[in-house]
Amino acid sequence: MTTTHMPTTVRGEGTAPPARPARRPRREGAAWVFLSPWVLGACVLTLLPMAVSLYLSFTDYDLFDAPNWVGLRNYTQMFTEDPRYWRSVGATLTYVVIAVPLQLALALVVALALKNMRLGKAFYRSAFYAPSLLGASMSIALVWRAIFNDGGTVDHLLGTGGWVNKPGWALLAVALLTVWQFGAPMVIFLAGLQQIPGELYEAAEVDGAGRWRQFLSITVPMLSPVIFFNLVLQTIQAFQVFTPAFAISAGKGGPADSTLFYTLYLYDRGFVASHMGYASAMAWVLLLAIGVVTAVLFRTSRSWVFYASEGDR
């Protein structure tokens, strides 16, 4: 019977052991060092003030004395005992419904005009964007008030009197100031229009589609994600409008509370009447309302927003 011996490998004295995979350096510490300014700022300047504001919304606080816990009294008073609160809600909703669609429509029209412009495109793009940088300032709001006041430019041209002194026109004057600041959504629309393939328009033109049909069948569907982005962004900003209403109404929300926007009334309750607990409750209701409106916009976007990467959507 023959016995077979399996060969064995003998490692010599000079043979190095098999190399182990190199351990990746731990970089979490360095990442936290670079993130620490943002984390510290978010905690100190955002999260901590939000927590304090939430606590104050359940108290009676006048900025001078210690907060007095009152539970839900601020919220019940807001919804059931304060008619000016509901007038501020109505004025704000009316403003949002008027200003946001007009602003986006004007921004899209100007973006379409600039899309195929060859000469002076950079100049006109900068010129149309400038109001977005200047329009939120108090100085521009005061100039706007002078234009729409009695004896102002609009009064001389149209003979309608001062808009800021008429309950039916004051809110429209504020909305027009927002519409005039269409530069930011215009730039975003222009960037979206430049991403639409030109072959789509060429094929539609060969099929005999006119400009209006091309706009409805190509431009709007392909631009719908950008439209949705601008709609959400401008709606959130519109709910927080303050400076134009404060300047045009001299901080009173008049005439007849027609420009008493939500943030203006919040400012009045908190810093004029020193009811900071009540103002904090208003702020949290506004936050929740904006969240609900944004969620509704995202929910409804499934039926009209088209994404090129999802052909069946």
Side chain to side chain contact (heavy atoms under 4.5 Å, CB included) for Val293 and Val96? Distances and angles first, verdict last.
CA-CA 12 Å; Val293 171; Val96 171; over 6 Å; no
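- At least one side-chain heavy atom of Trp180 sits less than 4.5 Å from a side-chain heavy atom of Ile140.
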Residue pair Phe261, Phe242: steps toward the ring pair (Phe, Tyr, Trp, His ring centres under 6.0 Å) verdict:
CA-CA 7 Å; Phe261 293 160; Phe242 173 79; 9.9 Å; no
Full working for side chain to side chain contact (heavy atoms under 4.5 Å, CB included) between Leu171 and Ile98
CA-CA 9 Å; Leu171 188 144; Ile98 294 175; 4.0 Å; yes
Applying side-chain hydrogen bond (donor to acceptor under 3.5 Å, both in side chains) to Trp284 and Ser53, what does each step give before you reach the verdict?
CA-CA 8 Å; Trp284 277 95; Ser53 173; 3.2 Å; yes
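- Ring-centre distance between Phe239 and Tyr95: not below the 6.0 Å cut-off.
- A pairwise comparison of heavy atoms in Phe128 and Pro131 identifies O-CD, 3.2 Å as the closest pair.
- Distance OG1/Thr294 to CG/Leu233: 10.0 Å, rounded to 0.5 Å.
- Under the 3.5 Å distance criterion, the side-chain polar atoms of Thr263 are matched with a main-chain donor or acceptor of Val241.
- Residue Asn74 holds its CG atom at 7.0 Å from CG of Asp60, rounded to the nearest 0.5 Å.
- Shortest non-hydrogen contact noted between Leu264 and Ser249 is CD2-OG, 3.8 Å.
- Heavy-atom contacts from other residues, nucleotides or ligands closer than 6.0 Å to NZ of Lys252 number 12 or fewer.
- Put simply, the side chain of Thr259 gets close to the backbone of Gly253: a donor and an acceptor are under 3.5 Å apart.
- Note on Val220: it clusters hydrophobically with Ile196, by side-chain heavy-atom contacts below 4.5 Å among ILVMFWY residues.
- Residue Leu72 is not grouped with residue Val70 when hydrophobic side chains (ILVMFWY) are merged at heavy-atom distances under 4.5 angstrom, including chains of intermediate members.
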Please report the C-alpha distance between Tyr262 and Tyr85 in whole Å, then the side-chain angles of each, then the deciding distance to 0.1 Å, and finally whether the side-chain hydrogen bond (donor to acceptor under 3.5 Å, both in side chains) criterion is met.
CA-CA 8 Å; Tyr262 197 98; Tyr85 171 81; 3.3 Å; yes
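- Contact record, Ala184 with Ser132: N-OG, 3.0 Å, taken as the closest heavy-atom pair.
- By the 4.5 Å heavy-atom criterion applied to side chains, Phe229 and Val226 are not counted as neighbours.
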Could you walk me through whether Tyr61 and Asn68 pass side chain to side chain contact (heavy atoms under 4.5 Å, CB included), step by step?
CA-CA 6 Å; Tyr61 180 50; Asn68 179 32; over 6 Å; no
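- Looking at Arg84 and Asp268, their side chains come closer than 4.5 Å, going by heavy atoms from C-beta outward.
- By the criterion of side-chain heavy atoms lying less than 4.5 angstrom apart, applied directly or through intervening Ile, Leu, Val, Met, Phe, Trp or Tyr residues, Phe123 is grouped together with Met117 in one hydrophobic cluster.
- In this structure, Tyr75 and Ser57 have side chains that are in contact, with non-hydrogen atoms separated by less than 4.5 Å.
- Counting only heavy atoms from C-beta outward, the side chains of Phe215 and Tyr201 never approach each other to under 4.5 Å.
- The heavy-atom pair separating Ala91 from Leu260 by the smallest distance is CB-O, 3.8 Å.
- The backbone N or O of Leu297 lies less than 3.5 Å from a partner atom in the side chain of Thr300, making a donor-acceptor pair.
- Rounding to the nearest 0.5 angstrom, the gap separating the CD1 atom in Ile248 from the OG1 atom in Thr243 is 10.5 Å.
- Between Ala256 and Pro167, the shortest heavy-atom contact is CB-CG, 4.1 Å.
- Listed for the Asp62 side chain is a donor-acceptor partner under 3.5 Å among the backbone atoms of Phe64.
- Atom CE of Met222 and atom CD1 of Ile227 lie 12.0 Å apart (nearest 0.5 Å).
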Go through the steps to decide whether Leu104 and Leu231 satisfy the test side chain to side chain contact (heavy atoms under 4.5 Å, CB included), and finish with yes or no.
CA-CA 7 Å; Leu104 295 183; Leu231 177 62; 4.0 Å; yes
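- At least one donor-acceptor pair under 3.5 Å links the side chain of Trp86 to the backbone N or O of Phe79.
- Leu176 places a side-chain heavy atom less than 4.5 Å from the side chain of Trp144.
- Contact annotation: the side chain of Phe271 approaches that of Met276 to within less than 4.5 Å [non-hydrogen atoms, C-beta and beyond].
- Note that the CG atom of Leu114 and the CG atom of Leu190 stand 6.0 Å from one another [nearest 0.5 Å].
- Annotation for Gln214 and Ala204: closest pair CG-CB, 4.0 Å, computed over non-hydrogen atoms.
- With respect to Phe228, the ring pair (Phe, Tyr, Trp, His ring centres under 6.0 Å) criterion is satisfied by exactly one of Tyr307, Phe298, Phe306: Phe298.
- With contacts defined as side-chain heavy-atom distances shorter than 4.5 Å, the pair Tyr265/Asp82 qualifies.
- Leu266 and Val292 fall into different hydrophobic clusters, defined by Ile, Leu, Val, Met, Phe, Trp and Tyr side-chain heavy atoms under 4.5 Å apart, directly or through other members.
- Checking side-chain atoms of Gln103 against main-chain N and O of Gln181 turns up a donor-acceptor pair under 3.5 Å.
- The cluster map of Ile, Leu, Val, Met, Phe, Trp and Tyr, joined by side-chain heavy atoms under 4.5 Å apart, puts Leu223 and Leu216 in the same cluster.
- To the nearest 0.5 Å, atom CG of residue Leu172 and atom CG of residue Leu177 are 11.5 Å apart.
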